[in-house]
Amino acid sequence: MACGRVDGDWTGRSVQLAGWVHRRRDKGGVKFILLRDRTGLVQLAFEPEHTPQRVMEAASSLNPEDVLWIRGDVESRPPEAVNPDMPTGAVEIRVREMEVLASSDPLPILVAIPPGEDLPSEELRLRHRVLDLRRPELQRNFVVRHLATNAARAALARQGFLEVETPFLTRRTPEGARDYLVPSRIHHGEFYALPQSPQLYKQLLMVSGFDRYFQIARCLRDEDLRADRQPEFTQIDVEMAFVGEDDVFAACEQMLVDMYAVTLDRAIPVPFPRMSWAEAMESYGTDKPDLRIEWRIHDLSEVLGGRGFGIIDGALADGGRARGIVVPGGGSLSRSRLDAINDMARAAGARGALWLKCTDDGYSGPAARAVDETAGARLQAEYGLSAGDLLVLVAGPDSESSPALDVLRRQLGTELGAAGEGEHWIWVTDFPLFEADPETGAPAASHHPFTMPVDVTAAELLAEPFAVRSRAYDLVLNGTELASGSIRCHVPELQRAILEVLGMTAEQVDARFGFLLEAFRYGVPPHGGFALGLDRLIAMMVGVSSLRDVIAFPKTTAARGLMEGAPSAVEADLLADLGLRLADAGGADGD
RNA sequence: GGGGCUGUAGCUCAGUUUGGUUAGAGUGCCGGUCUGUCACACCGGAGGUCGCGGGUUCGAGUCCCGUCAGCCCCGCCA
C-alpha cells in the first residue's frame, strides 16, 4: 500500500505501509507521525487503546527521516480531527506493529520544510541532493518529467518513428560549442568528443533509410552555464525523410499535444502560428518574441525624421532608422525609471534610448523636439499614442536598435503588467542562412552548415550570401526557444557553395564532414527534423525557472557536481596510461 | 574572461551603514511535561573558525586587499 493512496474506501482494513518519518507530533499519551513515500503523506496514530506498549515506546524515539514499516488499521478520523488540507486527511492508520528499517542521523537540511520557511541555500541543496530530492515539490517535477517523456516516446512511436541510439564517444566537430574531450588510451594524442547533439548521426540515419528517427538524447557542451543552461542536457531529437516544414511541424505539434494532454491534462492550440524571422526582428527585435506582450516595434523614421532633431536625423543619414514602441499607460513611470530606459538601451548595445510622454497638454521628454503638429497627429492616428502613454525610441542601425527595443519591450512590459496570461507558441521561420561574424564580418552558418537555402542557385548564393534565407526554424514559447531545426541541404552543388562561402577548403571540408558528404553521394533522401530541449520544456510545464529543479543531479554554474565532487583530480599513473601530463603539475612528473 | 549579489549556530536570517563589554532571533537538536495533534503546545539546555588568508587599528563579524564557494547576468553557447 502507498501512503498517498489511503482513503475512505480502505476504512476498517488492515494495511502495511513503509516510508519515511516526515513529521512527528508527540502529545505524550498519544502520538502522531506523518509517514511519507513517493505518493504522499498519511497520518499514523499511536494510541494506548490500539497500539502495543512496546510500539508506543519505540515511537517516542523516532526521528525525522527514519525509515519505517508498519501494520495497522485504516480508520476515519474523529470529525473534529479531519484535515481538509491533506489528501489523506479524512483517515489515519491505527498502528499495531512497527519496525524501524533504518534510522536517520540529524539532518543537514530539512526535508519537511515548514510553510513560510525559505529553502536552504542552493549550495546545500546540491551538496545534500538526496535529501533535497525527497521534498514533494521536487518529486512532482520528476513525475511530470517521466510522464512527459513517456508521452513523447509514445506519440513519436505512434507516428512511426524509430528510436535509435547514437555514439557518445564521437569525433570532434569544429562547428558550434566547445567539446568535452575524452583522451584515447589506445591512441595517445587523439581524443574522442562527447556529442553536442546527434546532428550528423541522425542525418546519416536518414541516408541509411531509417526514414523516421527519434532519440531522447543527452547532449554535452563545454560552455559557461546559466539558470537555463547545463553542461549536459536532454533533447528530443527527431529527423524525417521525404518531408517539408509542414510535416516536421505537424510531427512536433502532435508530440507536444500528447505530452501536455497526458501530463497536465491540458490542450494546446495547434497548429502553432508561424512568423518569419524578418517579421520577428522587425516587430519584436528578437528571433524569439514573447507574444504575451502585445506591444510591437514600429518604424517611425518617416514620421519623426527630417524635423531637425539631430539624434534621429543623424541616424537616418547613416542608413539607420528610428524605431519605437508605444507603451500604453507608460506616462505613469517615474523620472528615475525613465532615466533607466536610456541605461537599459545602452547596456543592450544601443547608443541610447529617447522617450516621449504624451499628456493632455502635449509632449514632453527628450524626444519631444522631434514631434511637431503633423508628427503628433500621425503618432496618434497611426500608432495609437494618446494621453498617458509613453513612446520609447531608439535611433540607429537595426543591429543596435533591435536588441535594445527587445530588452525595453520585455522589461517595461513586465514592469507595467502588460504580459498577458497563457502560452504563445510560434514557429519562427526563414532565418538567414548566414550571419556575419561579429569580429571579422565573415559569413558564419546561422543554424548549421547543412541547412537548405530557400529558392536560390549556387551562383546566387555565392554572389550574395547574406541575402539568402534558409529553411531553418525555431519553436518559441513565451520568449523561450524550445526547439529548433531545419530542412537539410541534400543538393551537392548548393552544399559545396555553402561550404565555400564559409571559407572552408576542400581539405578542411573533407577532414571535418567527409563522412557525411561521402554518405550523401550514395542516394540521400530529402530530409529535415528538429531537436527540442526537454529540460526547458519540463521547467516550463512545472513552472520553475532553473533547470536544476528538473534535473536530478545537476551541476553548479561552475560546472561542479557538489554531491559527488566532480570533476576531480586523478592519479598520475592514469594520466600516464592516456599519454597525458599536466602542463602546470610541478614535482617529480614535471619538466 | 568580465560585472553584480551572497557567505554569521545543523538550517533560515538579524547584526556590517557609524569598529568598542559576554555575537542574537526563529527553527532544528538534546532533556522534561502533555490522550486528538496536524508548522502540536509548554519548560529547560547544548550549540559559533562571523567562508578562508593577509592588512589597518589599542581593538575587526563590522574598514582595506587578496582568495574560495554559491547564485544572477554579459561574453560564450542553438
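Letters A, B, ... mirror the listed sequences (proteins, then strands); counts begin at 1. Only a predicted model underlies this, so the values are computations on that prediction, with no experimental measurement involved.
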Heavy-atom check, side chain of A:Phe450 versus side chain of A:His490, under 4.5 Å: no
For A:Thr480 and A:Leu482, indicate whether the former's side chain and the latter's backbone hold a donor-acceptor pair under 3.5 Å. no
Separation of B:G70 P from A:Asp224 CG (nearest whole Å): 13 Å
Atom CD of A:Glu123 to atom P of B:U6: distance rounded to whole Å? 16 Å
Once you apply a heavy-atom cut-off of 4.0 Å, does A:Gly89 come out as touching a base, just sugar-phosphate, or nothing? nothing
Taking OP1 and OP2 of B:C71, is either one under 4.0 Å from a side-chain nitrogen or oxygen of A:Arg548? yes
What about A:Glu92, does its side chain sit under 3.5 Å from the base of B:G36 through a donor-acceptor pair? yes
Rounded off to whole Å, could you give me the CG-to-C1' distance for the A:Leu44 and B:C38 pair? 13 Å
Nearest-Å distance, CZ (A:Phe450) to C1' (B:A78)? 16 Å
What does A:His447 touch in the nucleic acid at a heavy-atom separation under 4.0 angstrom: a base, only the sugar-phosphate, or nothing? base
Output yes when at least one side-chain N/O atom of A:Thr556 is less than 4.0 Å from OP1 or OP2 of B:A69, else no. no
With both distances under 3.5 angstrom, what nucleotide forms a Watson-Crick or G-U wobble pair with B:U22? none
Would you please confirm or rule out a distance under 4.0 Å between OP1 or OP2 of B:G36 and any side-chain N or O of A:Asn83? no
Base, sugar-phosphate, or nothing for A:Ile113, non-hydrogen atoms under 4.0 angstrom? nothing
Could you state the CD-C1' distance from A:Glu481 to B:C77, rounded to the nearest angstrom? 11 Å
Salt-bridge test for A:Asp228 and A:Arg536: reply yes if a basic N is under 4.0 Å from a carboxylate O, no otherwise. yes
Between B:U22 and B:C29, how many Å separate the two C1' atoms, rounded to a whole number? 24 Å
Would you classify A:Pro106 as touching base, sugar-phosphate or nothing, given that sugar-phosphate means primed atoms plus P, OP1 and OP2, and contacts are heavy atoms under 4.0 Å? nothing
Sticking with atom P, work out how far B:G1 lies from B:U67, rounded to a whole angstrom. 12 Å
A:Leu34 near the nucleic acid: base, sugar-phosphate alone, or nothing, with a heavy-atom cut-off under 4.0 Å? nothing
Measure up the A:Trp427 and A:Tyr473 rings against each other and bin them: parallel (under 30°), tilted (30 to 60°), perpendicular (over 60°). perpendicular
For B:G75, does either OP1 or OP2 sit under 4.0 Å from a side-chain N or O belonging to A:Arg178? no
Does A:Ala177 reach a base, just sugar-phosphate, or nothing at all? Heavy atoms under 4.0 Å. sugar-phosphate
Could you check which nucleotide pairs with B:C5 in any of the strands shown, counting Watson-Crick or G-U wobble with both distances under 3.5 Å? B:G70
Would you classify A:Glu117 as touching base, sugar-phosphate or nothing, given that sugar-phosphate means primed atoms plus P, OP1 and OP2, and contacts are heavy atoms under 4.0 Å? base
For B:C74, does either OP1 or OP2 sit under 4.0 Å from a side-chain N or O belonging to A:Arg226? yes
Can you find a donor-acceptor pair, distance only, under 3.5 Å between A:Arg127 side chain and B:G70 base? no
So does A:Arg229 reach the base of B:C77 with its side chain, donor to acceptor, closer than 3.5 Å? yes
Would you call A:Asp179 and A:Arg172 a salt bridge, using N to O less than 4.0 angstrom? yes
Whole-Å P distance, B:G59 and B:C68: 29 Å
Give a yes or no on whether a salt bridge exists between A:Lys555 and A:Glu232, defined as a side-chain N under 4.0 angstrom from a carboxylate O. yes
Quiz question: going by heavy-atom distance under 3.5 Å, is there a donor-acceptor pair between the base of B:C76 and the side chain of A:Arg221? no
Inspect the contact between A:Glu65 and A:Arg134 and indicate whether a charged nitrogen and a carboxylate oxygen are less than 4.0 angstrom apart. yes
Given the C1' atoms of B:U6 and B:A14, what is the spacing between them in whole Å? 15 Å
How far does the C1' atom of B:G45 sit from the matching atom of B:U8, given to the nearest Å? 22 Å
For A:Asn63, answer base if it contacts any base atom (sugar-phosphate contacts may also be present), sugar-phosphate if it contacts only those atoms, and nothing otherwise; contact means non-hydrogen atoms under 4.0 Å. sugar-phosphate
Side-chain ion pair, A:Asp237 and A:Lys202, N-O less than 4.0 Å: yes
Is A:Ala45 touching bases, backbone alone, or none of the nucleic acid, heavy atoms closer than 4.0 Å? nothing
In whole Å, what separates the P atom of B:G44 from that of B:G26? 12 Å
May I ask you to say what A:Pro64 touches in the nucleic acid, namely base, sugar-phosphate or nothing, with a heavy-atom cut-off under 4.0 Å? sugar-phosphate
Who is the Watson-Crick or G-U wobble partner of B:U62, with both distances under 3.5 Å? none
Hey, is the side chain of A:Arg25 poking within less than 4.0 Å of OP1 or OP2 on B:U37, counting only N and O atoms? no
In whole Å, what separates the P atom of B:G51 from that of B:G61? 10 Å
Quantified in whole Å, what is the P atom distance between nucleotide B:G3 and nucleotide B:G66? 11 Å
Considering every strand and a 4.0 Å limit on heavy-atom distances, what is the contact class for A:Glu49: base, sugar-phosphate, or nothing? base
At under 4.0 Å between heavy atoms, what does A:Leu225 touch on the DNA or RNA strands: base, sugar-phosphate, or nothing? nothing
From NZ of A:Lys288 across to C1' of B:A78 the rounded distance in Å is 9 Å
